[in-house]
*Asks:* 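First the structure, then my questions, so here it is.
Quick caveat, the model's predicted, so the values are computed rather than measured.
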Amino acid sequence: MSDPRDKEDFFEKVFAVVREIPPGRVTSYGAIAKFLGSGGSARTVGWAMNLSHQVSIPVPAHRVVNRNGQLTGKHHFSDANEMQNRLEVEGIVVEEDQIQNFKSHYWDPQIELGL
DNA sequence: CGATTGACACCAA
DNA sequence: ATTGGTGCCAATC
């Protein structure tokens, strides 16, 4: 339909998936983008995370990292240590902005959500 | 309206 | 394995 909310729906989906990420788990932008059907719009997912600071719903953006498991977006948090600290609290080991044992902590929406 | 940027990902050398 | 360049989508200037 002509509802302009169709575009907002994309962000809503991103937030919904990120909110479904269980503690102690992490996922990648590309995985979410692909799960939404956007294909290679991994960058657009990053934009959604940027807006996540303005939405009324708490979005655990710290659980979303790039496919390398690197905390590329920690700089966008209130504090640079905020992202790493939250991950460590949930039992994730982070060294030099790089998640250790990333693959073991990886959370795939296509699988975990039962697709 | 056109050009640039941005929390990524993939391919080629 | 590492580096560089390109593609995708949306927002901002």
*Asks:* Would you say A:L51 and A:L36 are hydrophobically clustered, going by side-chain heavy atoms of ILVMFWY under 4.5 Å?
*Replies:*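 Hydrophobic grouping puts A:L51 with A:L36.
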*Asks:* Could you check which residues of residues 79-96 of chain A get a heavy atom under 4.0 Å from DNA chain B? Sort them by number, please.
*Replies:*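 Within residues 79-96 of chain A, no residue comes under 4.0 Å of DNA chain B.
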*Asks:* Could you report the tightest heavy-atom contact between A:F15 and A:S52, atom names first, then the distance?
*Replies:*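 For A:F15 versus A:S52, the nearest heavy atoms are CE2-CB, 3.7 Å.
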*Asks:* Linking I/L/V/M/F/W/Y whenever their side-chain heavy atoms sit closer than 4.5 Å, directly or via other members, would A:V64 and A:V26 fall into one cluster?
*Replies:*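 Result: no, two separate clusters.
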*Asks:* Excluding sequence neighbours, so at least two apart, what forms side-chain hydrogen bond (donor to acceptor under 3.5 Å, both in side chains) with A:E20?
*Replies:* none
*Asks:* Is A:V59 reachable from A:M83 through a run of hydrophobic residues whose side-chain heavy atoms are each under 4.5 Å from the next?
*Replies:*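 Result: no, two separate clusters.
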*Asks:* If you group Ile, Leu, Val, Met, Phe, Trp and Tyr whenever their side-chain heavy atoms sit less than 4.5 Å apart, what else falls in with A:I57?
*Replies:*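 Listed partners: none, A:I57 stands alone.
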*Asks:* Under 4.0 Å, heavy atom to any atom of DNA chain C: which of residues 44-54 of chain A qualify?
*Replies:* A:T44, A:W47
*Asks:* Do A:I21 and A:Y106 belong to the same hydrophobic cluster, where Ile, Leu, Val, Met, Phe, Trp and Tyr are linked whenever their side-chain heavy atoms lie under 4.5 Å apart, directly or via other members?
*Replies:*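 No: no chain of side-chain contacts under 4.5 Å links A:I21 to A:Y106.
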*Asks:* What residues, two or more places apart in sequence or in another chain, satisfy side-chain hydrogen bond (donor to acceptor under 3.5 Å, both in side chains) together with A:Q98?
*Replies:* none
*Asks:* For the side chain to side chain contact (heavy atoms under 4.5 Å, CB included) test, which of A:V45, A:I32, A:T27 pairs with A:V17?
*Replies:*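 One option only clears the test, and that one is A:I32.
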*Asks:* Side-chain atoms of residues 71-79 of chain A: list all donor-acceptor pairs with protein atoms under 3.5 Å, sequence neighbours left out, distances to 0.1 Å.
*Replies:*
| unit_1 | atom_1 | unit_2 | atom_2 | d |
| --- | --- | --- | --- | --- |
| A:K74 | NZ | A:D97 | OD1 | 2.9 |
| A:K74 | NZ | A:D97 | OD2 | 3.0 |

*Asks:* Atom pairs, N/O to N/O, protein against nucleotides 1-4 of chain B, distance under 3.5 Å?
*Replies:*
none

*Asks:* Atom CD1 of A:I32 to atom C1' of C:dC9: distance rounded to whole Å?
*Replies:*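 About 15 Å, once rounded to whole Å.
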*Asks:* I'd like to know if A:I111 and A:F102 are part of one continuous hydrophobic network [Ile/Leu/Val/Met/Phe/Trp/Tyr, side-chain heavy atoms within less than 4.5 Å].
*Replies:* no
*Asks:* State which residues pass side-chain contact (heavy atoms from CB on, under 4.5 Å) with A:T44; sequence neighbours excluded, sorted by chain then number.
*Replies:* A:F10, A:S41
*Asks:* Which heavy atom in A:F11 sits nearest to a heavy atom in A:A48, and how many Å separate them?
*Replies:*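 Between these two residues, the closest heavy atoms are CD2-CB, 3.2 Å.
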*Asks:* Would you write out the dot-bracket form of DNA chain C, 5' to 3', with Watson-Crick and G-U pairs under 3.5 Å, [ ] for crossing pairs, | for pairs to other strands and . for unpaired bases?
*Replies:* .||||||.|||||
*Asks:* Enumerate the residue pairs fulfilling salt bridge (charged side-chain N to carboxylate O under 4.0 Å, His left out) with a member in residues 51-68 of chain A, sequence neighbours excluded, ordered by first and then second residue.
*Replies:* A:R63-A:E90
*Asks:* For residues 55-67 of chain A, which residues have at least one heavy atom under 4.0 Å from DNA chain B?
*Replies:*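 Nucleic-acid contacts, sorted: A:A61, A:N66, A:R67.
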*Asks:* C:dA10, C:dC9, B:dA9: which one has an atom nearest the side-chain heavy atoms of A:Y29?
*Replies:* B:dA9
*Asks:* Could you give the CG-to-C1' distance, from A:N68 to C:dT2, as a whole number of Å?
*Replies:* 12 Å
*Asks:* Apart from A:V89 itself, what residues make up its hydrophobic cluster, given side-chain heavy atom links below 4.5 Å?
*Replies:* none
